[in-house]
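Each remark here refers to the structure printed beneath this line.
Chain identifiers are assigned alphabetically (A, B, ...) following the order of the sequence lines, protein sequences preceding nucleic acid strands; residue numbering begins at 1 within each chain.
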2 protein chains.
Amino acid sequence: MEIKDAVTTLAAMAQETRLAVFRTLVVAGPDGLSAGRIADALGVAPATLSFHLKELDRAGLVIPRQDGRYVIYAANFARMGALLAFLTENCCRGDSAGCAPANADTDAAVDCCPAPDSCC
Amino acid sequence: MEIKDAVTTLAAMAQETRLAVFRTLVVAGPDGLSAGRIADALGVAPATLSFHLKELDRAGLVIPRQDGRYVIYAANFARMGALLAFLTENCCRGDSAGCAPANADTDAAVDCCPAPDSCC
DNA sequence: TCCATATTTCGACAATAATCGAAATATTAA
DNA sequence: TTAATATTTCGATTATTGTCGAAATATGGA
């Protein structure tokens with residue numbers, strides 16, 4: 001993942017309503033939820049939710065599919081995984097293998113991090 | 001971490017210059033870098049960099065310390081770790097233990113994710 | 001003390017983001 | 001086909017963000 005993609009993805013999550021939407025979809029799993037159910041769950045006006053879903057889609061964080069008159073949104077777990085990988089790849093002087101929480105069991109983290117469980 | 005803190009932290013990283021600053025500091029490790037060295041490394045005007053460092057500080061992502069006439073900034077690995085924990089905690093129907101890349105070796109991820117390596 | 005260097009604050013500006021009512025579009029059910 | 005429901009687009013408004021030159025503040029060295 002390039003830095004511009006990371007910025008886009010982070011920006012999509014850097015908004016309270018959108019982060020709540022995304023977390024709701026993460027919990028819902030691959031089956032996803034319709035726009036209406038998300039709106040109900042979070043108490044957001046339909047037009048506002050639609051705006052935010054478009055942002056999340058633009059960032060690649062959700063995958064919409066038409067199902068009858070509903071549009072079902074599901075979290076894009078692959079995209080989220082790619083972001084987490086990007087955020088940890090330059091950790092600890094380039095040795096991402098030693099970084100918690102990605103690899104909390106190794107003790108390589110102590111080579112560069114204040115504590116094994118406090119590294120990116 | 002609460003959702004508001006996560007939003008603040010994500011927003012701090014959701015900007016190309018700031019993300020570059022943070023990554024530079026992550027690579028630099030706990031010793032950190034002075035504001036001037038960061039400015040040189042990234043080619044950012046001092047006033048602009050100062051603005052962004054303040055944002056990163058407000059979000060808890062960097063820790064500044066005075067060293068003579070320099071101000072040294074270091075990445076706050078603990079804060080970053082807390083954010084990553086927050087982002088993965090509700091993964092896979094609440095079973096964060098099964099999620100890659102946090103725990104790529106287990107195969108619990110297949111229970112809920114499209115693929116073991118594509119889960120948040 | 002006085003000057004040079006490092007960093008931050010201030011002020012102004014242009015650009016972008018978030019909200020929501022109303023209207024438009026799409027799909028199903030009667 | 002007509003009505004009902006689901007979702008998106010549009011338009012307007014308000015608030016926030018990113019940038020940078022110039023000035024202010026802080027520290028160290030001559």
Side-chain angles (χ1 to χ4, degrees), chain A residues 3-25 28 31-76, chain B residues 3-25 28 31-76:
Chain A
I3 189 167
K4 282 184 193 295
D5 296 311
V7 167
T8 301
T9 311
L10 288 165
M13 287 193 295
Q15 205 282 331
E16 195 163 348
T17 301
R18 279 199 299 269
L19 184 55
V21 168
F22 182 70
R23 281 166 71 81
T24 300
L25 291 177
D31 291 347
L33 291 172
S34 70
R37 290 184 70 89
I38 301 169
D40 288 347
L42 301 177
V44 180
T48 302
L49 179 69
S50 192
F51 168 80
H52 288 307
L53 284 171
K54 203 171 57 175
E55 288 295 302
L56 288 169
D57 187 27
R58 207 169 56 82
L61 279 170
V62 299
I63 299 172
R65 67 178 193 273
Q66 190 88 33
D67 179 26
R69 77 172 79 176
Y70 302 90
V71 178
I72 310 288
Y73 286 87
N76 185 351
Chain B
I3 190 167
K4 281 185 192 298
D5 297 312
V7 166
T8 301
T9 311
L10 288 164
M13 287 193 296
Q15 206 280 332
E16 194 163 348
T17 300
R18 278 198 300 269
L19 184 54
V21 168
F22 182 70
R23 281 166 73 82
T24 300
L25 291 177
D31 290 347
L33 292 172
S34 69
R37 291 184 72 88
I38 301 169
D40 288 347
L42 300 178
V44 180
T48 302
L49 179 69
S50 193
F51 168 80
H52 288 307
L53 284 170
K54 203 170 56 175
E55 288 295 301
L56 288 169
D57 187 26
R58 207 168 54 84
L61 280 169
V62 299
I63 300 171
R65 66 178 192 274
Q66 190 88 33
D67 179 26
R69 77 172 80 176
Y70 302 91
V71 179
I72 311 288
Y73 286 87
N76 185 351

Polar pairs (N or O, both sides) under 3.5 Å between protein and nucleotides 28-30 of chain C?
unit_1: C:dT28; atom_1: O2; unit_2: A:R69; atom_2: NH2; d: 3.4

Need to verify one output field. Residue with the more 5' nearest nucleotide on DNA chain C, A:H52 or B:L49?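 Result of the comparison: B:L49.
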Could you tell me how far apart [X] ([atom1]) and [N] ([atom2]) are, to the nearest whole angstrom?
{"X": "B:K54", "N": "D:dT19", "atom1": "NZ", "atom2": "P", "value": "14 Å"}
{"X": "A:F51", "N": "C:dT19", "atom1": "CZ", "atom2": "C1'", "value": "9 Å"}
{"X": "A:R58", "N": "C:dT16", "atom1": "CZ", "atom2": "P", "value": "11 Å"}
{"X": "A:R65", "N": "D:dA6", "atom1": "CZ", "atom2": "C1'", "value": "16 Å"}
{"X": "B:E16", "N": "D:dT17", "atom1": "CD", "atom2": "P", "value": "18 Å"}
{"X": "A:Y70", "N": "D:dA6", "atom1": "OH", "atom2": "P", "value": "5 Å"}
{"X": "A:I72", "N": "D:dA6", "atom1": "CD1", "atom2": "C1'", "value": "11 Å"}
{"X": "B:L42", "N": "D:dT19", "atom1": "CG", "atom2": "C1'", "value": "16 Å"}

At under 4.0 Å, does any side-chain N or O of [X] touch on OP1 or OP2 of [N]?
{"X": "B:Q15", "N": "D:dT19", "result": "yes"}
{"X": "A:R18", "N": "C:dA18", "result": "yes"}
{"X": "A:T48", "N": "C:dT19", "result": "no"}
{"X": "A:Y73", "N": "D:dA6", "result": "no"}

Shortest side-chain distance from B:A45, nucleotide among C:dT19, D:dT9, D:dC20: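 Out of C:dT19, D:dT9, D:dC20, the nucleotide with an atom closest to B:A45's side chain is D:dC20.
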Check whether any side-chain heavy atom of A:I38 lies under 4.5 Å from a side-chain heavy atom of A:L25, and answer yes or no.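 Yes, close enough: below the 4.5 Å cut-off.
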Categorize A:A47 for me: base, sugar-phosphate, or nothing, with a 4.0 angstrom heavy-atom threshold over every strand shown.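 Base, at least one base atom sits under 4.0 Å.
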Is there a donor-acceptor pair under 3.5 Å between the side chain of [X] and the backbone N or O of [Y]?
{"X": "A:S50", "Y": "A:P46", "result": "no"}
{"X": "A:R18", "Y": "A:A11", "result": "yes"}
{"X": "A:E55", "Y": "A:D57", "result": "no"}

Mapping B:E55 and A:L53 to their closest nucleotides on DNA chain D, which lands nearer the 5' end?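 Whichever sits nearer the 5' end wins; that is A:L53.
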